[in-house]
Amino acid sequence: GVEVGPQPQGVARADVLDKMRKIVKHGLDFVQLFNEGKEFPPCTIEVFKIMEKVDYPRNKNGEIIAIIHPKLQDQDWQPLKNGDPLFLTLDGEVIPYQGNCTVYPTFINEAAYYEKKQAFVKTEKIKLTAKHLR
């Protein structure tokens, strides 16, 4: 499967549809070339590996007490470093990211994940290497 986004629920975006078409075309091109016997050299690619799901700050009753900070909103796949703004309380207090490494958040403030108690997903950037393929 291919998931392309982010985009709001129930919204069809032309730019996201175009990205989906391109990735499917690349996949089909690869299958065709592989089936024709083309050899592929070793390669390395950067990917994002899920580390953990992060919930919104909540009070003792389980109610959300802070929202995604404006500087984090719409910054999927961008580096988040220790001390960067993460959440903003309803009183205007900034809750910074506290971590010992740079992470790459995604699915930031997605409506579909509120019920799953997920403000965003922390990922780490890693490199995968594929050997020669025949």
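In what follows, residues are counted from 1 in the order of the sequence shown.
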Enumerate, atom names and distances included, each donor-acceptor pair closer than 3.5 Å involving a side-chain atom of residues 65-73, sequence neighbours excluded.
{"from": "His69", "atom 1": "ND1", "to": "Lys71", "atom 2": "N", "distance (Å)": "3.0"}
{"from": "Gln73", "atom 1": "OE1", "to": "Asn109", "atom 2": "ND2", "distance (Å)": "3.0"}

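Heavy-atom neighbours of Arg21 CZ from other residues, nucleotides or ligands within 6.0 Å: at or below the threshold of 12. Surrounding CG of Leu128 are more than 12 heavy atoms belonging to other residues, nucleotides or ligands, all under 6.0 Å away. More than 12 heavy atoms of other residues, nucleotides or ligands lie within 6.0 Å of CG in Asn61, so this atom counts as buried by the packing criterion. The environment of Leu133 atom CG is dense: over 12 non-hydrogen atoms of other residues, nucleotides or ligands sit within 6.0 angstrom.
Sequence neighbours left out, the pairs with a member in residues 42-68 that pass ring pair (Phe, Tyr, Trp, His ring centres under 6.0 Å) are Phe48-Trp77, Phe48-Tyr104, Tyr56-Tyr114. The side-chain hydrogen bond (donor to acceptor under 3.5 Å, both in side chains) contacts involving residues 32-41 comprise Gln32-Glu36, Glu39-His132, where partners must be two or more places apart or lie in separate chains.
Applying the side-chain contact (heavy atoms from CB on, under 4.5 Å) test to Gln78 and every residue at least two apart in sequence or in another chain returns Gln75. Under the side-chain contact (heavy atoms from CB on, under 4.5 Å) criterion, Asp74 pairs with no residue, sequence neighbours left out. Legend: residues meeting salt bridge (charged side-chain N to carboxylate O under 4.0 Å, His left out) with Lys25, ordered by chain and number and at least two apart, are Asp29. In this structure Asp15 satisfies the side-chain hydrogen bond (donor to acceptor under 3.5 Å, both in side chains) test together with Arg13, sequence neighbours excluded. Under the side-chain contact (heavy atoms from CB on, under 4.5 Å) criterion, Thr129 pairs with Thr44, not counting sequence neighbours. Partners of Lys125 according to the side-chain hydrogen bond (donor to acceptor under 3.5 Å, both in side chains) rule, which considers only residues two or more places apart in sequence or in another chain, do not exist here. Under the side-chain hydrogen bond (donor to acceptor under 3.5 Å, both in side chains) criterion, Asn82 pairs with no residue at all, not counting sequence neighbours. For Asp18, the side-chain hydrogen bond (donor to acceptor under 3.5 Å, both in side chains) partners are Lys22, not counting sequence neighbours. The side-chain contact (heavy atoms from CB on, under 4.5 Å) test applied to Leu28 returns Val24, not counting sequence neighbours.
Between Lys53 and Val121, the shortest heavy-atom distance links the atoms CG-CG2, 4.1 Å.
Here the side chain of Asp91 pairs no donor or acceptor atom with the backbone of Glu93 at under 3.5 angstrom. Asp84 contributes no side-chain N or O that, together with a main-chain N or O of Tyr97, makes up a donor-acceptor pair within less than 3.5 Å.
Residues Leu86 and Pro96 have side chains not in contact (no heavy-atom distance under 4.5 Å, counting atoms from C-beta outward).
A distance of 5.5 Å separates CD of Glu124 from NZ of Lys49, quoted to the nearest 0.5 Å. Taken to the nearest 0.5 Å, the NZ atom of Lys127 stands 12.5 Å off from the SG atom of Cys43. Separation of atoms CG (Asp76) and OG1 (Thr123) is listed at 9.5 Å; rounding is to 0.5 Å.
If you chain together hydrophobic residues whose side chains sit under 4.5 Å apart, Val54 and Ile64 fall into the same group. Ile95 and Phe120 fall within the same hydrophobic cluster, where Ile, Leu, Val, Met, Phe, Trp and Tyr residues are linked whenever their side-chain heavy atoms come under 4.5 Å apart, directly or through other members. Hydrophobic clustering (ILVMFWY, side-chain heavy atoms < 4.5 Å, transitive): Ile50 and Ile108 are in distinct clusters. Note on Val94 and Phe87: separate hydrophobic clusters, where clusters join Ile, Leu, Val, Met, Phe, Trp and Tyr whose side-chain heavy atoms are under 4.5 Å apart, directly or indirectly.
Two rings, from Phe34 and Phe40, have their centers 6.0 Å or more apart.
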